[in-house]
Amino acid sequence: MNVLVTGGLGFIGSHTCVELLNEGHEVIVVDNLYNSKIEVKNYIENITKKQVKVYIQDVCDKEGMKQIFKENKIDSVIHFAGYKAVGESVAKPLMYYENNLISTFSLCEAMLEAECYNLVFSSSATVYGTPERTPIDENCRLGPTTNPYGTTKLFIEQILTDLQFANSKLNIALLRYFNPVGAHESGLLGEDPKGIPNNLMPYIVKVASKELEKLHVFGNDYDTHDGTGVRDYIHVVDLAKGHLCALNKLNTEKIGIDCYNVGTGVGYSVLDMVRAFEKENNLEVPFVIDPRRPGDVATCYSNPDKSCKELGFKAMKTIEDMVRDSWKFVENS
Ligand code: UFG
């Protein structure tokens, strides 16, 4: 199958390209390198020993997207491209709404023109806002979201729902990711955020490598087993495989549009992650306890039953795999 991957040189996109190529699919990437590097193409090819076709182009460029569909017979699309920094989205909401929505419009128009109907969309557990209950299942209330980034994901889910209603041939899986961490076991692909990281794991590795002095743990007075926030961390290679399960579903069944949590169903606290990282890598991660971060919830983890039953997806990697591979990528860079 020929799969177009938007944002295919980014963190989750690149790992998904590897899994697609390993399964024998042809991969066409469109990426504007906003948050990625062209070298990632070589790393994907080194790992898989296969070629990937890359267009350095903005997905917002509608004519450019239509051209890609003219030049390639595309069977399915996985749409990762988008801005994703929560803090930046609060400071620059227009930039987030413009980029994340317009790129989706442009992609969908090109898909419809080319009569390509299978789409996997990279959504996020952030659409649940402050969760109604934990573990979070797909029937939990959506929103209100807590930042513009999250709102773009919620809006796109709604837009795709309306579009599918109007074009019943569309077959769309919305994947709601929990907290992706880890890296490819080769140490070649991983997460390399610009500037000071917002997310826990990129921050931990920068403290371990002494680029940053200490980790700031945001609150130790939550109602959790050690007082620090609990999240559903999922290894990026497991998450990438979840996209293949979703594609497989779309290619064997007409689902219309449906949503699936992609998590492990297990919650770990900030201190669980720090301790696992220290133990597995034999390194120290100095930390201080700071006040709670505004907008954070105590506990957020998935009920993964629907993706297990309907997509046949199950996360296999352990917390040790996550912290070891996250470090290996940094050591290797
Ligand atoms: N944390 C710290 N110190 C840090 C960074 C994070 O203590 O320097 C804590 C947070 O308070 C939280 C946990 O680590 O308890 C995880 O925080 P992250 O920022 O890594 O992740 P979030 O759960 O806040 O958000 C992530 C993604 C969002 C996505 C959301 C989905 O960043 O894009 O999961 O639920 F929307």
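First listed ligand is number 1; within each ligand, the first listed atom is number 1.
- Considering only non-hydrogen protein atoms, atom 7 (O) of ligand 1 sits nearest to Phe218 N, 2.9 Å.
- A donor-acceptor distance shorter than 3.5 angstrom exists from the side chain of Asn171 to the backbone of Ile255, with no hydrogens or angles considered.
- Atom 5 (C) of ligand 1 has Asn198 O, 3.3 Å as its closest protein atom, hydrogens excluded (heavy atom only).
- In summary, the atoms of ligand 1 found under 4.0 Å from a heavy atom of Val217, numbered by their order in the structure, are 7 (O).
- Heavy-atom contacts of Ser124 reach the following atoms of ligand 1: 29 (C), 31 (C), 36 (F) (cutoff under 4.0 Å).
- Closest heavy-atom approach to atom 20 (O) of ligand 1 within the set Val181, Leu200, Thr145, Ile136: this belongs to Leu200.
- Annotation: atom 25 (O) of ligand 1 to nearest protein heavy atom, Asn179 ND2, 4.1 Å.
- Here is the list of ligand 1 atoms found below 4.0 Å of a heavy atom in Tyr233: 13 (C), 14 (O), 16 (C).
- The shortest side-chain heavy-atom distance between Tyr268 and Val230 does not fall under the 4.5 Å cut-off.
- The backbone N or O of Thr126 lies less than 3.5 Å from no partner atom in the side chain of Lys153, so there is not a single donor-acceptor pair.
- With hydrogens and angles disregarded, a donor-acceptor distance shorter than 3.5 Å links the side chain of Gln57 to the backbone of Gly64.
- Atom 35 (O) of ligand 1 has Ala125 CB, 3.6 Å as its closest protein atom, hydrogens excluded (heavy atom only).
- Within the 4.5 Å cutoff, the side chain of Met111 has heavy atoms near those of the Leu107 side chain.
- Judged by distance alone, with hydrogens and angles left aside, the side-chain atoms of Ser106 form a donor-acceptor pair with the main-chain N or O of Val59 at under 3.5 Å.
- Looking only at heavy atoms of the protein, atom 33 (O) of ligand 1 is closest to Tyr149 CE2, 3.3 Å.
- Protein heavy atom in closest approach to atom 32 (O) of ligand 1: Asn199 ND2, 2.6 Å.
- Of the N and O atoms on the side chains of Tyr128 and Asn261, at least one donor lies less than 3.5 Å from an acceptor on the other residue.
- When only modelled atom types and interatomic distance are considered, Glu88 and Tyr149 share no side-chain donor-acceptor pair under 3.5 Å.
- Protein heavy atom nearest atom 23 (O) of ligand 1, with residue, atom name and distance: Arg231 NE, 2.7 Å.
- Of all protein heavy atoms, the one lying nearest to atom 11 (O) of ligand 1 is Asp296 OD2, 2.5 Å.
- A donor atom on one side chain and an acceptor atom on the other are not found under 3.5 Å apart for Glu63 and Gln67.
- For atom 24 (O) of ligand 1, the candidate residues are Lys214, His216, Met273, Arg293; the nearest heavy-atom contact is made by Arg293.
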